Amino acid sequence: MRNDKDNLIVKLTFEFALEIISFSEEIRKSNRFEMASQIFRSGTSIGANIREAQNAESKADFIHKFKISAKEADELQFWLELCNNSEFYPNPNEELFKKLQSINLIISKIISSSKKG
């Protein structure tokens with residue numbers, strides 16, 4: 001069994017997914033189910049794809065899974081910005097945006113490093 005506790009990006013994206021679950025539940029309480037589902041799916045998919053990449057069949061598969069995570073992070077950014085700029089949705093806290101930005105930077109670095117190696 002692998003030890004994901006020592007893997008920074010796996011740990012960060014798992015903890016981030018828990019925060020996304022909480023935020024999507026906050027949105028659900030205002031009966032905004034579609035937005036809550038979009039945020040839930042894209043926000044938890046980041047970590048799910050990174051976790052899946054840990055068992056990649058090849059370097060190309062590993063990079064592909066991380067690229068999917070990057071796309072999901074971009075999509076999540078879009079949904080969070082909509083919430084932040086709409087009067088109809090609760091605003092995500094600034095910390096959520098900062099954590100997403102940090103995760104994006106790490107994902108980009110891992111993709112870049114993996115392509116070189």
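Just so you know, residue 1 is the first one in the sequence shown, and it goes up from there. Computed from a predicted model, the values in this text were never measured in an experiment.
- Residues Ile20 and Leu76 are in side-chain contact: their nearest non-hydrogen atoms beyond the backbone lie under 4.5 Å apart.
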Which pairs would a plain distance check flag for residues 100-107, meaning a side-chain donor or acceptor within less than 3.5 Å of a matching protein atom at least two apart in sequence or in another chain?
from: Ser102; atom 1: OG; to: Lys98; atom 2: O; distance (Å): 3.2

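- Partners of Arg41 under the salt bridge (Lys or Arg N to Asp or Glu O under 4.0 Å) rule, at least two apart in sequence or in another chain, do not exist in this structure.
- Arg51 contributes no side-chain N or O that, together with a main-chain N or O of Val10, makes up a donor-acceptor pair within less than 3.5 Å.
- Under a hydrophobic-cluster definition in which Ile, Leu, Val, Met, Phe, Trp and Tyr are linked whenever side-chain heavy atoms come within less than 4.5 Å, directly or via other members, Ile110 and Leu12 are assigned to the same cluster.
- Looking at Arg28 and Glu25, a side-chain N of the basic residue comes within less than 4.0 Å of a carboxylate O on the acidic one, giving a salt bridge.
- Legend: side-chain hydrogen bond (donor to acceptor under 3.5 Å, both in side chains) pairs involving residues 73-92, not counting sequence neighbours, sorted by first then second residue: Glu75-Trp79, Gln77-Glu81.
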Apply side chain to side chain contact (heavy atoms under 4.5 Å, CB included) to Ile39 and Met35, showing your working. CA-CA 6 Å; Ile39 288 171; Met35 182 65 81; 3.9 Å; yes
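- With values rounded to the nearest 0.5 angstrom, Ile27 atom CD1 is found 11.5 Å from Glu34 atom CD.
- In the model, Asn49 has no side-chain atom that pairs as donor or acceptor with a side-chain atom of Glu72 under 3.5 Å.
- Note that NZ of Lys67 and OG of Ser108 are 11.0 Å apart. Values are rounded to the nearest 0.5 Å.
- Linking Ile, Leu, Val, Met, Phe, Trp and Tyr whenever their side-chain heavy atoms come within less than 4.5 Å leaves Ile21 and Leu80 in two separate clusters.
- In terms of the side-chain contact (heavy atoms from CB on, under 4.5 Å) criterion, residue partners of Lys109 (sequence neighbours excluded) are, by chain and number, Ser113.
- Taking every heavy atom of both residues into account, Pro90 and Cys83 meet most closely at O-CB, 3.6 Å.
- Grouping the Ile, Leu, Val, Met, Phe, Trp and Tyr side chains by contacts below 4.5 angstrom, directly or via other members, places Leu18 apart from Leu8.
- Every residue two or more places apart in sequence or in another chain was checked for a side-chain contact (heavy atoms from CB on, under 4.5 Å) with Ser22, and none qualifies.
- Within 6.0 Å of CD on Glu95 lie more than 12 heavy atoms contributed by other residues, nucleotides or ligands.
- Scanning all heavy atoms of the two residues, the minimum distance from Ala70 to Ile111 falls at CB-CD1, 4.4 Å.
- Screening residues 33-67 for ring-ring contact (aromatic ring centres under 6.0 Å, His included), with sequence neighbours left out, gives Phe62-Phe66.
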Step by step, would you call Ser24 with Thr44 a side chain to side chain contact (heavy atoms under 4.5 Å, CB included)? CA-CA 11 Å; Ser24 66; Thr44 57; over 6 Å; no
Under the criterion side chain to side chain contact (heavy atoms under 4.5 Å, CB included), I'd like the reasoning laid out for Phe16 against Leu96: C-alpha separation, chi angles, the key distance, then a yes or no. CA-CA 8 Å; Phe16 183 73; Leu96 207 54; 3.7 Å; yes
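- Taking NZ from Lys71 and CD1 from Ile46, the interatomic distance works out to 14.0 Å, rounded to the nearest 0.5 Å.
- A 4.5 Å side-chain heavy-atom check between Ser69 and Ser45 finds every atom pair outside the cut-off.
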